[in-house]
Structure formats: C-alpha cells, structure tokens
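Working notes for the structure below.
The shown structure was predicted, so the numbers you read here are calculated from the model rather than taken from an experiment. First listed ligand is number 1; within each ligand, the first listed atom is number 1.
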Amino acid sequence: MASFDVIFLGGGPAGYVGAIRAAQLGLTVAVVEREGLGGTCVLWGCIPAKALLESAAVAHRAREAKTFGVSVGEITTDYGVAMKRSRAVSTQNSKGVEFLFKKNKITWIRGTGALTGRKTMSVTDDKGAVTTHDAKKAIVICTGSRVKGIPAIGLTLDKSNILSSDDVLIADKAPATMAIVGAGAVGCEFADVFSEFGTKVTLLEALPAILPLEDADVAAELTKSFKKRGIDVITGARITAAKVGKGSVTISLAGPEKKELTVEKVLVAAGRAPVIDGIGLEAQGVKLTDRGFIQIDEQMRTSAEGIYAIGDVAGPPMLAHKGEREGVVVAEVIAGKNDHHVNYGNIPSCTYCHPEVASIGLTEQQVKEKKLDYKVGRYNFSANGRARTSGETEGFVKIIRDSKYGEILGAHIIGAHATELIHELVVARENEFTVEEVDLAIHAHPTLSEAIAEAILDSMGRVLNA
Ligand code: NAI
C-alpha cells in the first residue's frame, strides 16, 4: 500500500492544478487518472475545441483575404486535417501536464479509482490489477462530467448519427447537414466550426435565446451574426422526437416551428452530467445535491470527513477555470493555509465562437430582477479604430454600473478577442474598482481595449469617440 498526504481522484484542471498547489505546499500527492492527464479540458473540451475554432477562423479569414490585398487562390477546407491538428495540440498539452507532475514530484497512478474507506482508495489498472493507496490527510474527488444524450426524445448518443462533442472532436469529415441541439457554449462553438467547414447548420435551443445565460443584447447580436453566416437559429425549439434513418436523423419540432427536420448528423449539446458512479461515494456518506452533483461547503468539504470535491462534479458552472481555482483553494485548506477563497460571483464566462462572447458579473435582466439602480454604457466596435483596421467591427462592449457608487455590476463583450479583453473587467471587479477608477487607467491607442474605456465613459455620460 502506497501512502500519500493527499490523493486527487481525477487529473483534469481541478485535480491537476490542486495537485500542483498541494505539492508546492510540501504535501506528498498522488493523482488517480485512467485517461491521459488534463481531463475533459485538455483531451475532450476547451483545448481541442479551441484548436478547431482556430481552423474555422483561418478559413473565415482566408475567404476575406482578397479585401486585404492578399490572394490565396481557391479555398477548400478539410475537417480531417483540422481534427488531426486539434488532437496533436491536445496531446501536446497533456504531455505538458505530465511534465508538470514530474517537476512537482506528483505521482500519477494510472487506472480507475474507487473509495474503499474515507482515507483509502483502490485503483484498477487497464489490465485489471488492483492496488490500494492511503491518503493521510485527504481525498479529493474531481472526476468531472461527461457528455449525455436526451434518450427521452430519441436523442440517444450512438457515435454514428447522434453525436456528442467527444464524437465530433474525432470525426474526420464535416457532414453536409447538422442539427445542433442546445445553444450553450458547446452548441454555439460547434455551430461556428461546422458552418466554416461547409456544413449547413441548424441550431436548436429550447429557451427563448441562444447562450441563455448571457445578456439578452449579446445573445441577440450573436443570433444576428450567426444568421448572416447562414446558420439557421431556432429558439424556443420543442423537440418531440428524433428518428434515426439510413444515414440521417429526422427531428420533429412542436410549437410555432412545427415541422420535421432531416439532417445527416445531430450533435447533442444540451449539458453534461457529473461523473459520480462506481466511486463508492454513498458507502462513505458523501451526499449529493438534488441535481446529482457532490454537495460541498464553501471550503469544498463533502458530508464525509476527509473527503473533498472540486470541479464539474461539485456543481456548476462547469468551467475549467472554476475547477482550477477550487483546486488551489482546496489544497490550501488541506494544508491548513487558507488564504484564498473562491469568489463564485466573479467567474468569467467565455464562448469562443466568432464573434467571441465574454462576460463577468450580472446581466441587465439580473440587475433588473434585483431592482438595483443602474446605468448602462455601450460602445460598438464599429466605432473603434483598431477593430476597423482588422476588419472585425462586429459587436460591442456593454457595461452595467451602479448609478450611485459606480460599482461595475456586470460587463459584457461580444466581438473579436472578447475572451481576452474581459480580464480587465474581471480584475476591476475583483478589486472593487469603480468606473471612475477604470477610466483613470490610460488605454493605449489604437487597441480594442479602448472600446472598454469608451463604454465605461458612456456609462458616465462622457463618451469621447462616438
Ligand atoms: P449548457 O448547459 O451550457 O447549454 C445547453 C443548452 O441546451 C441550454 O441552453 C439548454 O437550454 C439547451 N437545451 C437543453 N435541452 C434542450 C432540448 N431538448 N432542446 C433544445 N435545447 C435544449 O451545456 P453545454 O453547452 O453542453 O456545455 C456543457 C458545459 O460545458 C457547460 O457547463 C458549459 O459552460 C461548459 N463549456 C464551457 C465552454 C466554454 O467556457 N467556452 C465550452 C464548452 C463547454
């Protein structure tokens, strides 16, 4: 039996970052992981998806190249090549995590782990050999989440017609037609990818808007942009059935859009489910929430002493950076050095479709519901010099500020590089800067960041360049 201070069950962003922080704090650490290191983010999510989005962006740019005075001849796309590049980027990142484990003297135990006690874990490797390991201080469950279908309406994942995001990440060609069910981050990102690779995409969202967690103005702008690019967007979509035919799927829609839609492939992007089975949680007294996630307190303790949970398995938002921060904090809690906390109210949300969408804090709808006294500032990228030079003038920055004190209640960006730009406002909110304080910082000219400065000024009624 090998003995460690802490064992992390799962080597995704929550587990591997937690392991590194625990090692930095002088603890002996093991991570149990059956796949490669890096979890959904590195192997099946953020990284490979962003690599494909980059291929889509290159295709888009190449089609516009002529207007920049650059001729690239006939433009063809090959999803298989893009997929191979995406897999290579993913593998490279996973190897990077392996390197970090060696650097930090973290033991990777390869196999499937299960709790055998509150401080012991069994690990079964791919040949069926079982070893037992002991955690002196804590076990951290960070098993993540997995794709899911919607069997109740016939959308059972089958790897050939009805696909998950895992499946499309290893597909070698783009279908002629595709329906994407769910317009959250996964749905919108793959709508972007496949439409650039020549697929006729229909995006079906049950709620009244795509990216329903984002500000309504942003969702409307993205809908406009998607439609302009030929993506069919159907919101308020009620799917009643899906039938698999020979090389096609027919989806029946009820309500105002009542019709049948026959496509080559369906991508189900209607959320993910926590990975909780076969771990022995119940036997150790680890309680779940109503929605099936592991229930944790503000220091990520579960209901079973000595067992903690972080990342997707511990509840939404299911975001790599939320899991990473929980990993850092849980390591510090276990080491008895709790300087940090997870500020759940200040987690940026980023969707990497084109135009990109990024936000922090409250939407205007949420501010209204809370009956806060607020003012909105907005600045369109079409008025920004840097955006004009690059020909990326879609979108805007929207700032929602408290009327009296100038606190930034929410910030929403849609446009090129929005997922990078948002961090100025994340830092501002984390440090409770007011709009006046953000305005004091000189923003270089010409930059896209000036659109933030102008939106801030607009919220004070003092916009300069509009
Ligand atoms: P999601 O929960 O964000 O979005 C799913 C969407 O599907 C919702 O808008 C929902 O209303 C809709 N939906 C559900 N059932 C439906 C039905 N029967 N018909 C039509 N629409 C239906 O889940 P998603 O996009 O699959 O992502 C999974 C998780 O991974 C999320 O937590 C997401 O935030 C995270 N993720 C984050 C990314 C990023 O930060 N860029 C990228 C990809 C995923």
Side-chain angles (χ1 to χ4, degrees), residues 12-14 39-54 144-157 162-169 179-193 202-214 216 218-219 222-223 232-242 249 251-255 257 261 266-275 291 293 311-324 347-360 413-414 418-420 422 426:
T40 297
C41 169
V42 169
L43 304 171
W44 300 107
C46 322
I47 298 298
K50 262 84 271 179
L52 286 174
L53 281 154
E54 207 53 47
S145 61
R146 65 161 66 99
V147 294
K148 60 173 189 188
I150 322 173
I153 50 169
L155 290 172
T156 305
L157 300 176
I162 301 176
L163 309 174
S164 68
S165 55
D166 289 5
D167 302 323
V168 294
L169 283 171
I180 300 181
V181 178
V186 171
C188 288
E189 291 183 355
F190 281 108
D192 180 308
V193 169
T202 306
L203 189 54
L204 300 166
E205 169 56 52
L207 293 173
I210 63 170
L211 290 185
L213 299 180
E214 297 292 348
V218 168
L222 185 64
T223 305
D232 277 343
V233 179
I234 302 179
T235 52
R238 273 211 297 125
I239 299 170
T240 50
V249 186
I251 290 179
S252 308
L253 292 166
E257 293 288 342
L261 177 71
V266 176
L267 166 60
V268 183
R272 300 175 61 92
V275 175
R291 297 179 57 202
F293 295 96
D312 284 8
V313 78
M318 292 193 202
L319 298 170
H321 46 283
K322 172 260 192 188
E324 288 176 356
I347 298 176
S349 155
C350 292
T351 306
Y352 299 78
C353 54
H354 298 91
E356 294 186 354
V357 171
S359 66
I360 189 76
I413 308 179
I414 175 164
T419 60
E420 299 294 336
I422 195 67
V426 178

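Close contacts of ligand 1 with Leu207, meaning ligand atoms under 4.0 Å from a residue heavy atom, involve 11 (O). For ligand 1 and Pro212, the ligand atoms under 4.0 Å from any heavy atom of the residue are 9 (O). Near Arg272, meaning under 4.0 Å from one of its heavy atoms, ligand 1 places the atoms 28 (C), 29 (C), 30 (O). Every atom of ligand 1 is numbered from 1 in the order shown, and the set under 4.0 Å from a heavy atom of Tyr352 is 41 (N). In summary, the atoms of ligand 1 found under 4.0 Å from a heavy atom of Gly184, numbered by their order in the structure, are 3 (O), 4 (O), 6 (C), 25 (O). Close approach of ligand 1 to Leu204 is summarised as follows: ligand atoms under 4.0 Å from at least one heavy atom of the residue are 20 (C), 21 (N). Below 4.0 Å from some heavy atom of Val181 lie the following atoms of ligand 1, by number and element: 17 (C), 19 (N), 20 (C). Under a 4.0 Å criterion applied to the non-hydrogen atoms of Leu319, ligand 1 contributes the atoms 34 (O), 37 (C), 40 (O).
Residues Gly184 and Glu205 approach most closely at N-OE1, 4.2 Å, considering heavy atoms. The heavy-atom pair separating Val313 from Val275 by the smallest distance is CG2-O, 3.4 Å. Contact record, Leu267 with Ser165: CD1-N, 3.6 Å, taken as the closest heavy-atom pair. Contact detail for Leu53 and His354: the closest heavy-atom pair is O-CE1, 3.5 Å. The two residues Ile422 and Thr419 come nearest to each other via the heavy atoms CG2-O, 3.7 Å.
Side chains of Val147 and Arg272 form a contact here, defined as non-hydrogen atoms less than 4.5 Å apart. Using a 4.5 Å heavy-atom cutoff, the side chains of Pro317 and Ile347 are in contact. Using a 4.5 Å heavy-atom cutoff, the side chains of Leu169 and Phe190 are in contact. Contact of the Thr40 side chain with the Asp312 side chain is not registered, since no non-hydrogen atoms from C-beta on lie closer than 4.5 Å. Side-chain contact between Thr223 and Thr235 is absent, with no heavy atoms from C-beta onward closer than 4.5 Å.
Within the 4.0 Å heavy-atom criterion, neither part of Arg238 lies near ligand 1. At a 4.0 Å heavy-atom cut-off, ligand 1 does not touch Leu155 at all. Here Ile150 has side-chain heavy atoms under 4.0 Å from ligand 1, and that is the only part of it that gets that close. Counting heavy atoms closer than 4.0 Å to ligand 1, residue Cys350 contributes backbone atoms (N, CA, C, O) but none from C-beta onward.
When the heavy-atom distances from atom 1 (P) of ligand 1 to Gly271, Ala358, Ala209 are ranked, the shortest goes to Gly271. The option with the heavy atom closest to atom 43 (C) of ligand 1, from among Val186, Val268, Asp312, Ile153, is Val186. The heavy atom nearest to atom 5 (C) of ligand 1, out of those in Gly187, Gly182, Ala269, is found in Ala269. For atom 21 (N) of ligand 1, the candidate residues are Ala152, Ala185, Ala206; the nearest heavy-atom contact is made by Ala206. Here atom 10 (C) of ligand 1 lies nearest to Glu205 when heavy atoms of Glu205, Lys50, Met318, Glu189 are compared.
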Full working for side-chain contact (heavy atoms from CB on, under 4.5 Å) between Ser359 and Val218: CA-CA 10 Å; Ser359 66; Val218 168; over 6 Å; no
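At the shortest separation from atom 15 (N) of ligand 1 among protein heavy atoms lies Ala270 CB, 3.6 Å.
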